[in-house]
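First the structure, in the form of structure tokens, and then the observations on it.
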2 protein chains.
Amino acid sequence: MKITYKGDYSLKVILELACSYPDKLIHIEEISRKQDIPRKFLEQILLNLKRGGFLISKKGAKGGYSLARAPRDITLGEVVRYIEGSVYPISCIDCDTPSPCNEISSCVFAPVWRTVGDSISTIIDGVNFETLKEDYLLRKNGYIPDFQI
Amino acid sequence: MKITYKGDYSLKVILELACSYPDKLIHIEEISRKQDIPRKFLEQILLNLKRGGFLISKKGAKGGYSLARAPRDITLGEVVRYIEGSVYPISCIDCDTPSPCNEISSCVFAPVWRTVGDSISTIIDGVNFETLKEDYLLRKNGYIPDFQI
DNA sequence: GAATAATATATTATTTTTTTGTAGAAAGTA
DNA sequence: TACTTTCTACAAAAAAATAATATATTATTC
């Protein structure tokens, strides 16, 4: 039930780019440094996010990455679902070609997992990157103590 | 965000044993056959569930496994948390000795993950194995036996 | 004592995740 | 054009987590 590094990194990338939206193009090296993500791994992640329609890029000198949409129009939910796949804890619920399952015992738990998945979606769909960015900038400037510890 | 086989198997084991609670001891081979779980893997799972206080066992001929408590007193939530660990999607929220995290960007997401984890817990803590068992037997046999506990 | 079944520990196998490497294509700059 | 920077693609190695198997031991019943 954990978020992977790939997912975690992806969220940080979008958060970072949200901070310079809409003007600047940020290049890989800078994102890698600021968010402490391995350079080559980050390249894959950026490419993947671009395919998902979250980023745009510009090649060549002075090139780099930028958000494809306004931070307010990107929700945590759509990014997580794109990167991590379904939020349902079992796979039989929402796959495109659900095979008729002959395990009755699994079906007993399925409604619970459906409820869980729906609940997760509701929560993360309600969070957008404009909000997250504002929170991020406040924390960076020292106005809000770090969460938890 | 998926349940592992270990977790899935564990839930099926408890569901199966709930059906013969409180009288009978069921031995590994029978559980393995009925719920289609690899025999040796199942041994580990049963041992683990026993350590967690969910099962009791008896060695030797006529030995086997049984639930340690009534199905109604075992919730889906406590089993899942025992087997899969925390339901929080990131680890820094509820570990015993949380190290002060110096990644501000992670802290921006943390409150969301806390909400998600809390929501998951609320849902799965509300489901007990008596309910699941009744549903299971209904699906399997089309009626609920009259010797309910 | 023989058969049965749980217990313990170790090891192998498989899959997924994370990371790195090499090569090339596109775009900007001088 | 030559050159540099940066994105793009594919491959593959390294690491970690998961799933499954093997061997030997201990306890119980008959």
Side-chain angles (χ1 to χ4, degrees), chain A residues 1-13 16-17 20 24-68 80 82-86 89-91, chain B residues 1-13 16-17 20 24-68 80 82-86 89-91:
Chain A
M1 308 285 275
K2 291 278 180 292
I3 280 267
T4 63
Y5 268 89
K6 187 175 153 196
D8 183 57
Y9 288 161
S10 298
L11 297 179
K12 287 178 180 172
V13 163
E16 183 64 37
L17 292 178
S20 48
K24 292 201 293 184
L25 285 172
I26 312 293
H27 59 263
I28 294 182
E29 198 52 45
E30 186 177 347
I31 303 173
S32 170
R33 197 178 59 250
K34 284 193 177 172
Q35 295 291 341
D36 196 30
I37 305 172
R39 164 69 194 253
K40 293 297 290 180
F41 196 15
L42 179 56
E43 287 183 14
Q44 293 179 54
I45 285 163
L46 288 166
L47 224 40
N48 190 36
L49 286 172
K50 187 186 173 184
R51 288 197 196 97
F54 298 101
L55 309 183
I56 56 174
S57 66
K58 195 181 171 194
K59 288 185 175 182
K62 311 281 182 176
Y65 282 92
S66 169
L67 287 191
V80 168
Y82 176 71
I83 300 296
E84 303 277 346
S86 159
I90 56 175
S91 50
Chain B
M1 308 285 276
K2 291 278 179 290
I3 280 267
T4 63
Y5 267 89
K6 188 175 152 196
D8 183 57
Y9 289 160
S10 297
L11 297 179
K12 287 178 179 172
V13 163
E16 182 64 38
L17 292 177
S20 48
K24 293 200 295 185
L25 284 173
I26 312 292
H27 59 261
I28 294 181
E29 197 53 44
E30 186 177 346
I31 303 173
S32 170
R33 200 177 57 250
K34 284 192 177 173
Q35 295 290 342
D36 194 30
I37 305 172
R39 164 70 195 251
K40 294 299 289 184
F41 196 15
L42 179 57
E43 288 181 13
Q44 291 180 57
I45 286 163
L46 288 165
L47 226 39
N48 189 36
L49 284 172
K50 186 188 174 183
R51 290 199 192 96
F54 298 101
L55 310 183
I56 55 173
S57 65
K58 195 182 172 193
K59 285 186 178 183
K62 309 278 181 177
Y65 283 93
S66 170
L67 287 190
V80 168
Y82 176 70
I83 300 295
E84 304 277 346
S86 159
I90 55 176
S91 51

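Computation of the quantities below employed the complete heavy-atom set of this structure, encompassing side-chain atoms and omitting hydrogens, waters and symmetry-equivalent molecules. Naming: A, B, ... by sequence-line order, numbering from 1 per chain.
A salt bridge links A:Arg39 and A:Glu43; the closest N-O separation between the charged side-chain nitrogens and carboxylate oxygens is under 4.0 Å. Note on A:Glu30 versus A:Lys34: salt bridge recorded, some NZ/NE/NH1/NH2 to OD/OE distance being below 4.0 Å. Electrostatic pairing of B:Glu29 and B:Arg33 does not count as a salt bridge here, judged by no charged N lying under 4.0 Å from a carboxylate O.
Between A:Lys58 and the phosphate of C:dG28, there is a side-chain N or O to OP1/OP2 separation shorter than 4.0 Å.
In this structure, the CD1 atom of A:Ile3 is 12 Å from the P atom of C:dT17, given to the nearest Å. For A:Glu43 and C:dA25, the CD to P distance is 17 Å, given to the nearest whole Å. Rounded to an integer number of Å, the gap from A:Leu47 CG to C:dT20 P is 18 Å. As a whole-Å value, the separation of A:Phe41 CZ from C:dT19 P is 5 Å. As a whole-Å value, the separation of B:Tyr65 OH from C:dT4 C1' is 14 Å.
B:Glu29 comes within 4.0 angstrom of nothing in the nucleic acid, heavy atoms only. At the heavy-atom level, B:Tyr5 lies under 4.0 Å from the strands shown only through sugar-phosphate atoms. Counting non-hydrogen atoms under 4.0 angstrom, A:Leu46 reaches nothing in the nucleic acid.
Taking the six-membered ring wherever Trp is involved, the centroid distance between the rings of A:Phe41 and A:Tyr5 does not fall below 6.0 Å.
Not a single donor-acceptor pair under 3.5 Å links the side chain of B:Ser32 to the backbone N or O of B:Ile28. The backbone N or O of A:Gly52 sits less than 3.5 Å from a side-chain atom of A:Tyr82, completing a donor-acceptor pair.
A nucleotide of DNA chain D counts as in contact with chain A when one of its atoms lies under 4.0 Å from a heavy atom; the first and last such, 5' to 3', are D:dT5 to D:dA11.
When each of A:Leu42 and A:Gly60 is assigned the nucleotide of DNA chain C with its nearest heavy atom, A:Leu42 is the one assigned upstream, toward the 5' end.
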